[in-house]
Asker: 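Following this message is one structure expressed as structure tokens.
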Amino acid sequence: MKALSILWQRHRLLLGAFLGATLIALYFASRFLLSVLYWSDPAHRNQPLEGWMTIGYVAHSYDVPRDRLIEILGLQPPDKPDRKARPTLERIASDRGQPLEAFETEIKAAITRLRAEEPPR
């Protein structure tokens, strides 16, 4: 504790920067750990398709390449990925003017095709 006190007295800015960097590293490490734990749970693999899912989520859940899935479905890949603007399956189906069930059938066919073309990763 004495060493920390000395550092605070002599190198306040440096200690503050170190603590800030440590907090940032802990934030990203915890996000990584939560992601690993989420996707390692078998319950999150091959989930039934739902309207709230994004193409990226579906690709990850079914273990198929996201870019190829987008290509087969005839969707426009995002120019600049924006985490907040990722469209859901429901929104994509609505934009295409088709019911969600028809779009889900198309996605399942694309997944089957991708799995036949490429071995599992």
Side-chain angles (χ1 to χ4, degrees):
M1 200 63 177
K2 185 177 179 182
L4 191 58
S5 174
I6 292 171
L7 278 174
W8 181 250
Q9 289 172 358
R10 294 183 185 169
H11 305 287
R12 197 170 286 186
L13 184 63
L14 187 60
L15 184 61
F18 174 75
L19 292 175
T22 302
L23 288 175
I24 291 170
L26 286 174
Y27 170 75
F28 285 108
S30 64
R31 283 190 52 181
F32 172 75
L33 181 63
L34 289 173
S35 177
V36 167
L37 291 174
Y38 182 85
W39 287 111
S40 65
D41 182 1
H44 297 117
R45 294 293 178 175
N46 302 317
Q47 287 188 335
L49 298 176
E50 295 183 32
W52 61 265
M53 295 177 174
T54 63
I55 292 294
Y57 186 93
V58 172
H60 203 106
S61 180
Y62 284 86
D63 197 27
V64 294
R66 178 181 164 271
D67 295 335
R68 287 282 295 134
L69 183 60
I70 288 172
E71 179 185 320
I72 290 173
L73 293 172
L75 302 173
Q76 286 290 95
D79 296 331
K80 184 178 175 186
D82 184 6
R83 196 172 172 88
K84 295 176 184 171
R86 288 183 281 185
T88 62
L89 299 183
E90 193 170 46
R91 184 169 148 215
I92 294 170
S94 167
D95 290 349
R96 295 174 96 183
Q98 67 183 144
L100 179 60
E101 293 77 24
F103 187 50
E104 287 177 355
T105 303
E106 198 176 324
I107 293 171
K108 288 175 186 175
I111 289 169
T112 303
R113 178 178 162 193
L114 282 170
R115 285 184 169 172
E117 286 177 3
E118 300 175 19
R121 295 183 281 163

Asker: Show me the donor-acceptor pairs within less than 3.5 Å that the side chains of residues 98-105 make with the rest of the protein, sequence neighbours left out.
Answerer:
from	atom 1	to	atom 2	distance (Å)
T105	OG1	E101	O	2.9

Asker: Any ring pair (Phe, Tyr, Trp, His ring centres under 6.0 Å) pairs touching residues 4-23, not counting sequence neighbours?
Answerer: none
Asker: What is the distance from atom CG of D95 to atom CD of Q76, rounded to the nearest 0.5 Å?
Answerer: 12.5 Å
Asker: Just wondering, are more than 12 heavy atoms of other shown residues or ligands nearer than 6.0 Å to CZ in R12?
Answerer: yes
Asker: Within this structure, what is the CG-CG distance for the pair L14 and L19, rounded to the nearest 0.5 Å?
Answerer: 9.5 Å
Asker: Determine all donor-acceptor pairs shorter than 3.5 Å in which one atom belongs to a side chain in residues 33-42; sequence neighbours excluded.
Answerer:
from	atom 1	to	atom 2	distance (Å)
Y38	OH	Y57	OH	2.6
S40	OG	V36	O	3.0
S40	OG	L37	O	3.1
D41	OD1	A43	N	3.1

Asker: On a heavy-atom basis, which atom in L89 and which in E50 lie closest, and how many Å separate them?
Answerer: CD1-O, 3.4 Å
Asker: Within this structure, what is the CD1-OG1 distance for the pair I55 and T88, rounded to the nearest 0.5 Å?
Answerer: 9.5 Å
Asker: Passes side chain to side chain contact (heavy atoms under 4.5 Å, CB included), R45 versus H60? Steps please.
Answerer: CA-CA 8 Å; R45 294 293 178 175; H60 203 106; 4.2 Å; yes
Asker: Got a second to check how far D63's CG is from I111's CD1, nearest 0.5 Å?
Answerer: 10.5 Å
Asker: Going from OH on Y62 to CG on L114, what distance comes out if it is rounded to the nearest 0.5 angstrom?
Answerer: 13.0 Å
Asker: Hydrophobic clusters here meaning ILVMFWY residues chained together by side-chain heavy-atom distances under 4.5 Å, can you tell me if L23 and L15 are in one?
Answerer: no
Asker: If every non-hydrogen atom of S61 is compared with every non-hydrogen atom of Q47, which pair is closest and at what distance?
Answerer: OG-N, 3.2 Å
Asker: Quick one: which of I70, V64, L69 gives a side chain to side chain contact (heavy atoms under 4.5 Å, CB included) with R66?
Answerer: I70
Asker: Roughly how far, to the nearest 0.5 Å, is the CG atom of L49 from the CD atom of E90?
Answerer: 13.0 Å
Asker: Is it true that, when you exclude L13 itself, more than 12 heavy atoms of the residues, nucleotides or ligands shown sit nearer than 6.0 Å to its CG?
Answerer: no
Asker: Could you tell me whether the side chain of T54 and the main chain of R86 form a donor-acceptor pair under 3.5 Å?
Answerer: no
Asker: For the residue pair P65 and A59, what are the closest heavy atoms and their distance?
Answerer: C-CB, 4.4 Å
